[in-house]
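The structure appears right after this line, and notes come after that.
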Amino acid sequence: MKKNRMFKLIMLVMILGGTVKATAANWHSDTYVIWAQKKDAPHQATVVSWSDWLVFGNAVSGKPGVRFLINTLGAAGIREVWWRTFGGGNTLYSSKVPDVTNGNYAGQGADYGKYDSLKDAVEYAHKLGIKISAWYTPLEEAHGWADNVRSRYTDLHKDMWDRNIAGMPTGAPSMYYKKYRDYKLALAKEMLYCYNIDGIVIDFERLGGPVRSDLWGYLPPMVNGFNKHYKRSGKPATNDPEWQAYRAEYVGKFMRGVKKLAEERKRPAEMTVIFPAGKDLTAHWDIARWHKEKIIDRLGLIKHGSKWAAPAPNLAEVEKQYQKSYKLPISVILYSLQGSNQEVKYCLDRAIAGGVKNIIWFETTYLYFKHRYALPTAAACPERIKLSSPEYDFSTGGKLELVAAGDWKISVAEKVIAEGKANQPYHIKVPRIASRNRLQIECTLSGNTPKAGIAIQGLIGTTQVHSNAQWISSQGQVITLAQPGIPPFLAPLDTAIAGGVK
Amino acid sequence: MKFLFIMILGILITSASYAKTYTANTPAWRGEWIWAPRKANAPTMTVNLREWLEARPGGWGQALVNRIMGNAIVGGISNVYWRLDDGHGNALFPFKDKKQVLQWPNWDVDFSTFDYPATAAEFADRCDMKITFWTASPHFFAAAKKRYPKLNIQKLCTVSGNEINAVELKPNKMAWKWLERQVYEFKKNFDVTGKTGSARLGITADATYRIYIDGKLIGSDGDWWRGETYDVTTLLTPGKHIIKAVVKPSRKYSGLLVNLEWRDNNKVLHRLNTGSDWICRSIKSKTWTPVAIVGYEGVGPRFRLKDVWRNPRTPNYAQKRILKMVELDNISVNASTRKSTARNATDGSHSTFWVGKGTGAKLMLNLKYPMLLNEIRIYSGCLNNHGNPSGACALKAYRLQYHDGTDWKNLIAPVKKAPNYHGETAEGYRFCHAFTPRKVQQVRLVIDRSHDTLRRNTGVVPASQMTGIVREIQLIKAFGEK
């Protein structure tokens with residue numbers, strides 16, 4: 001009999017040890033950092049340019065790098081990511097399209113032929129309920145200047161190089177050539193069909209190296225075609241609107257192709273186009289025409305402030321102008337490279353006060369290294385929250401682990417059972433209470449915190465406890481911002497202390 | 001039918017062989033960055049990977065080792081103490097009981113899946129560093145000793161002298177303290193047996209180099225992240241050779257990286273790369289000493305090296321005409337705008353340049369003593385496209401003048417409309433102005449107009465912001481001038 005009981009006890013321990021995947025030292029994969037979103041909060045997205053992170057001291061690499069990036073932006077209340085798929089002419093994911101150049105900084109763990117950052121990014125973003133789009137720069141075969149992350153494609157296809165107004169080769173292929181458009185479409189198809197992305201963002205600000213401009217597009221067949229069509233002669237002026245539209249039409253063929261691919265996917269993907277506000281027509285894009293053809297699902301407006309990559313104070317006004325003309329969902333880009341935190345905050349506050357509903361932060365490197373994550377956090381997340389768990393049976397008590405971005409206290413049946421300080425992980429002993437009840441948690445963020453959220457896990461009776469989106473908040477729907485056990489909620493449980501009990 | 005099948009198969013095989021993707025930055029630069037012997041005051045770096053990840057999250061695996069050790073070696077630190085446990089009872093290496101190994105499963109961080117000590121030891125071995133592993137935990141110590149019999153493992157951290165935590169090490173702010181900042185020469189003797197079929201030299205340095213083979217100047221440059229390639233086939237005759245580089249240090253890190261390769265007539269490939277078998281001396285010294293390794297491609301903070309074998313340059317000795325240029329040391333340079341960049345116009349490098357702002361920008365060249373000149377060569381415009389100028393901001397209208405003791409006079413008729421972008425190599429695209437030999441001591445270039453379109457990302461800028469870029473200006477001595 002005794003042996004039988006012993007055996008059962010051992011089995012129970014083994015089973016429990018198996019089901020509680022986290023040891024005492026680990027956060028569980030089903031535990032989330034949760035919070036509510038302000039009712040009137042704008043939808044905030046951010047761009048992630050993986051290769052920029054290599055430059056800034058941190059050198060993110062592999063899955064830990066992807067999770068660090070997404071967890072940090074998620075903890076700041078950001079709900080959408082545009083994940084850069086190209087650095088200049090080289091991929092930032094594992095592409096199999098013929099003639100593509102996969103990016104490689106092998107010493108930094110960034111051999112994209114071997115490591116697929118996009119795959120891991122999609123997986124983790126979706127785990128947190130964060131929308132993720134592929135940020136695609138089809139007009140870049142190098143970045144900024146011609147030998148910076150330059151693709152092999154450019155060198156392999158000099159026969160397709162564009163010509164400038166002086167008749168000189170420009171150093172990058174022209175969309176006039178179907179073969180080039182097909183190559184770019186193959187890349188779009190790969191992103192749309194091999195990855196479960198929610199959308200594709202076509203970027204018309206990053207224009208390559210050398211930089212594409214209205215001085216381009218003077219291939220003899222294009223000039224001849226234009227002159228024949230419009231019954232003109234000679235070289236058309238660079239800023240002639242008809243000539244701009246004529247050249248942009250070749251990019252339009254590519255855009256139509258992308259739209260078709262996006263629509264025909266099992267789960268249609270949203271198509272966003274980003275371009276400098278006020279420049280709707282150039283030799284490389286024609287927003288009005290593409291809008292008329294219903295190619296674009298959303299506009300992303302670029303507006304620099306007093307300097308390049310400085311925040312602009314008039315985002316609301318810019319958005320209103322475009323709403324009048326286009327009647328499409330609009331996102332505005334808020335730059336955060338230049339300017340002080342006060343300046344960025346001023347531009348953000350003005351945008352929100354002016355009714356801007358969709359903001360794209362540009363970009364995570366500056367939010368992190370210039371300590372600006374407090375801004376999206378404050379815009380999205382209420383400072384104080386009351387959270388309520390599902391019901392549990394407290395008759396045998398239990399134990400919990402908790403970490404929060406603010407000071408907190410837990411009550412059960414209106415009796416405080418523990419309280420503690422921000423950012424410190426805690427062990428909490430749950431007393432026996434003779435009834436089914438809920439955990440009630442109050443948490444208050446400190447001013448200027450770069451993150452919001454609280455994570456809690458454990459066992460009450462025989463029931464696993466995990467904070468997740470099924471919890472309830474007085475401030476609105478609970479969302480999963482991030483996960484504990486990943487920065488900025490690393491909170492190693494081997495440093496956890498006992499939660500104070502009143 | 002059979003024929004059709006074979007044809008289709010052939011087409012499929014052919015298409016498959018053309019369906020190729022490429023990987024950037026391959027082949028990688030080989031060999032190691034080298035510099036002067038390390039200074040005695042360099043501290044010991046202590047490493048606790050848990051502390052690192054908590055303070056600077058995001059890195060993992062080989063890349064993490066490369067960054068941490070690379071940060072050290074690039075600044076001259078060669079002594080490392082590497083902790084095998086995290087100070088909280090968790091192993092930082094693959095220990096038999098996984099529950100005692102540091103893991104953050106949500107983060108995908110698991111020290112049982114990557115062998116950090118072995119990787120760090122390999123790095124240290126390649127870069128001639130001394131690495132000591134340590135743990136105060138008896139069972140981790142025993143396990144590590146068994147797993148790594150060849151590594152130096154201690155029970156305590158016994159750093160003597162200065163130490164710095166890897167987390168605090170910011171090499172861009174500190175490296176200057178532990179690295180020599182003098183101009184250094186580096187050399188290596190080597191043999192070539194048999195006739196050479198082809199030979200190319202890839203080189204870069206931080207900050208500026210001049211490279212010689214057997215005393216012949218091959219080329220120079222001042223941009224570490226864009227190495228150059230020179231065809232040196234005709235120089236590598238059978239016999240003994242010396243390759244030598246003179247390198248001016250940078251304000252942050254310093255180093256030289258050379259990849260020389262040649263094929264003999266049997267197409268056998270031979271290689272010579274910078275490494276610990278090179279020797280060096282300060283240009284002020286007569287004594288040659290072994291070099292120190294300061295990294296290799298992709299490690300530490302200095303990693304964005306361009307593809308090797310791009311940026312082809314014509315070796316200086318292969319220039320079509322033998323020019324006698326005024327030696328760079330005999331010219332002092334001043335400018336009316338961007339004075340700090342004036343010297344770039346005479347540093348021998350096409351990657352650095354002077355920026356003239358606005359109409360009337362002036363670049364003044366003063367010779368140590370009056371010389372008889374008969375030609376001036378100007379290389380202008382941005383250097384893009386791995387050797388081919390883009391022409392952006394090249395000079396369009398300008399004057400070349402000399403000072404006759406009283407006033408400035410034109411050396412040549414003012415240039416009104418210089419052409420833009422010929423698509424040639426850096427050395428090929430230039431303006432050459434020959435004139436009747438004249439004894440001068442002061443020469444100046446006045447920019448009236450450049451090819452700058454005045455368009456910027458933020459809009460059109462006024463003419464006062466017009467930019468004229470001069471990469472190099474060469475003063476050619478007339479025949480008979482020493």
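Protein chains get the first letters and strands the later ones, always in sequence-line order, with residue 1 at the start of each. The figures that follow rest on heavy atoms only: side chains count, while hydrogens, waters and symmetry mates do not.
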Tell me, with the steps shown, if A:Arg67 and A:Asp120 meet salt bridge (charged side-chain N to carboxylate O under 4.0 Å, His left out). CA-CA 8 Å; A:Arg67 293 200 167 196; A:Asp120 280 347; over 6 Å; no
Does the side chain of B:Thr135 come under 3.5 Å of the side chain of B:Asp85 through a donor N or O and an acceptor N or O? yes
Okay, A:Val97 and chain B: the region with an atom under 4.5 Å from a heavy atom over there is backbone
Apply the test side-chain hydrogen bond (donor to acceptor under 3.5 Å, both in side chains) to residues B:Glu168 and B:Asn165: give CA-CA distance (whole Å), side-chain angles for both, the deciding distance (0.1 Å), then the verdict. CA-CA 5 Å; B:Glu168 291 156 19; B:Asn165 192 316; 4.6 Å; no
Side chain to side chain contact (heavy atoms under 4.5 Å, CB included) evaluation trace for A:Ile302 with A:Phe204: CA-CA 10 Å; A:Ile302 292 164; A:Phe204 289 104; over 6 Å; no
Let me know if A:Ser95 has heavy atoms under 4.5 Å from chain B in its side chain, its backbone, both or neither. backbone
Does the ring of A:Phe489 carry A:Lys451 above it, NZ/CZ under 6.0 angstrom from centre and within 45° of its axis? yes
Please state whether the side chain, the backbone, both or neither of A:Leu156 comes within less than 4.5 Å of a heavy atom of chain B. side chain
Could you have a look at A:Gly485, A:Ala110, A:Gly65, A:Ser213 and say which one has the most heavy-atom pairs with chain B under 4.5 angstrom? A:Gly485
If one checks every heavy atom of A:Asp111 against chain B at 4.5 Å, the contacting part turns out to be side chain
At a 4.5 Å cut-off on heavy atoms, which part of A:Leu215 comes close to chain B: side chain, backbone, both, or neither? side chain
